[in-house]
Visitor: 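Got a structure for you, questions after.
Remember, it's a predicted structure, so these values are computed and weren't measured experimentally. A note on names: the letters A, B, ... follow the listed sequences, proteins ahead of strands, and every chain is numbered from 1. Atoms considered below: every heavy atom in the structure, side chains included; atoms not considered: hydrogens, waters and symmetry mates.
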Number of protein chains: 2
Amino acid sequence: MSSCDTCVVRNRAICAGLDNQEIAALSAMGRRRAVAAGEPLIWEDDDSLLVANVIEGVLKLTTSTEDGREQIVGVAYPSDFIGRPFGQTSKASVVALTDARVCVFARNDFDRYAREHPELEHKLLERTLAELDRTRAWMMLLGRKTAPEKIATFLLEMSERLSETGCAVKLGPARRFSLPFSRQQVADVLGLTIETVSRQFTKLKNEGVIELPSRREVEILDRPALVALAG
Amino acid sequence: MSSCDTCVVRNRAICAGLDNQEIAALSAMGRRRAVAAGEPLIWEDDDSLLVANVIEGVLKLTTSTEDGREQIVGVAYPSDFIGRPFGQTSKASVVALTDARVCVFARNDFDRYAREHPELEHKLLERTLAELDRTRAWMMLLGRKTAPEKIATFLLEMSERLSETGCAVKLGPARRFSLPFSRQQVADVLGLTIETVSRQFTKLKNEGVIELPSRREVEILDRPALVALAG
DNA sequence: TTTCCTGTTTGACCTCGATCAAGGCGCGTT
DNA sequence: AACGCGCCTTGATCGAGGTCAAACAGGAAA
């Protein structure tokens, strides 16, 4: 297989609703690519030259101020779409948090293909609307929630997002999981500093709400307490 | 005219790319409706029963916590689309900030119509992507900017958004404009308190950066200074 | 004109989370 | 085992912005 069939075939987001012929055509356009943890895929303010599809791994979407403050504005999990179709520049950088595999398309080709295949555009629209909902919920967190509330909300979201990953069967939220974020990155998601994040984590541990087996591992001991704290 | 032809015809967002027959069909579905300032159009967590198109006026999109904290997560101007197609519930309340006129569609009808008219879905996709970009830029503001930066950014955004309104010719950003927000609402947009907003406004006035002819009026005296402050 | 009402400004104070500064821990390398 | 290097935690202190309270418009009604 010269192109990345499985890359598209595995992807329920893009494929649903397309027939075999369409899937084959999309496959021929895409190029599978491995991205190592920490490696960038798209730079903020770059010309929007490519769009991609996450097959495996987790990536962060960030914007930064000139003086180096960073805010993570989105997180892409397997089956998520990244990049900016129908736009001249992308407004966010994309960097892999874990080793990842993605399926990359030239934006021009993808745009053209999408316009000719309404089913694909419809899928894209549904996902974009869902992402907008999620982003708006995050605005409430950033603008109005306290540090303890932010941390609790974050842990609950993580436990849900990470349980779905790569699994067709819908499991409940994960009780124990491995964070794809460093403490600094958690801070960048929540609009906090690394020290505040650390302090809140240890506070929750001391209160018996969570356990921290290692730096990246989290185990939720008392979910109801976490839900109450999330507000 | 029994239905709201002009409501659709005036709307460059929805109409561009549709032929006359399609516009007529859309028109037959929509119902023009006036919304008084302060009046709600959609409630948070309601079943998503309608979608709409802003013809005139400004509306706010909000989410709230149970204890009453509010965050404005979006603002809809003329030609903007509001509501949640293809979704069971809407995640935000929509309330008019000024007297407004909108063109309302039953969500079911609209969904069906959209799926049959790829050009409409494409338009919708482009707008949703643009709105997502704008929302992500706002996340950076909420998570990482200081109060003075937030206020400066807000004033610049207002001066741009309010100059476009209802005018086909692309003017530059407005030098003087009338805020569609009360101080409390500005606070809800920026994740601040009303007192902080007020103090920052008077500080800018004392520094000669802006003038405040009345409660709602703003005149920008020193735009470069504002740009510098916005960061 | 005066009164009232609501939204805004201003002041005094306090708190949460940021900042600054050590230390500690896990882990790979020599 | 000892060292070095990131990352994380913990402590001490500070300050931006929140909270509480009072005074101050500006517009509508009497």
Visitor: So where does chain A start and stop touching DNA chain C, 5' to 3', when the test is distance under 4.0 Å to a non-hydrogen atom?
Guide: dG17(C) to dC25(C)
Visitor: Could you list the residues that satisfy side-chain contact (heavy atoms from CB on, under 4.5 Å) with R107(B), not counting sequence neighbours?
Guide: S48(B), V51(B), Q88(B), D111(B)
Visitor: Would you say that V197(A) contacts Q184(A) through its side chain, given a criterion of any heavy-atom pair below 4.5 Å between the two side chains?
Guide: no
Visitor: Does the S90(A) side chain pair with the main chain of G83(A), one donor and one acceptor, at a distance under 3.5 Å?
Guide: no
Visitor: Looking just at side-chain N and O atoms, do T146(A) and E149(A) make a donor-acceptor pair shorter than 3.5 Å?
Guide: yes
Visitor: Checking T62(B) now: which residues fulfil side-chain contact (heavy atoms from CB on, under 4.5 Å) with it, not counting sequence neighbours?
Guide: K60(B), E70(B), I72(B), S93(B)
Visitor: At how many degrees, to 10°, do the end axes of the helix from dT1(C)-dA30(D) to dT30(C)-dA1(D) meet when each uses five pairs?
Guide: 30°
Visitor: Salt bridge check: are R136(A) and E131(B) linked by an N-O gap of less than 4.0 Å?
Guide: yes
Visitor: Could you tell me which residues satisfy ring-ring contact (aromatic ring centres under 6.0 Å, His included) with F181(A), sequence neighbours excluded, listed by chain and number?
Guide: F154(A)
Visitor: Assign a letter to each nucleotide of nucleotides 8-19 of chain D from its 5' end: B, base within under 4.0 Å of a protein heavy atom; S, sugar-phosphate only; -, no contact.
Guide: SBBBB----SSB
Visitor: I'd like to know if the side chain of E160(B) reaches the main chain of E157(B), judged simply by a donor and an acceptor atom lying under 3.5 Å from each other, with no hydrogens or angles considered.
Guide: no
Visitor: Taking the side chain as everything from C-beta on, heavy atoms only, tell me whether L155(A) gets closer than 4.5 Å to F201(A).
Guide: yes
Visitor: Closer than 3.5 angstrom, by distance alone: can the side chain of K91(B) be matched with the main-chain N or O of D133(A) as a donor-acceptor pair?
Guide: no
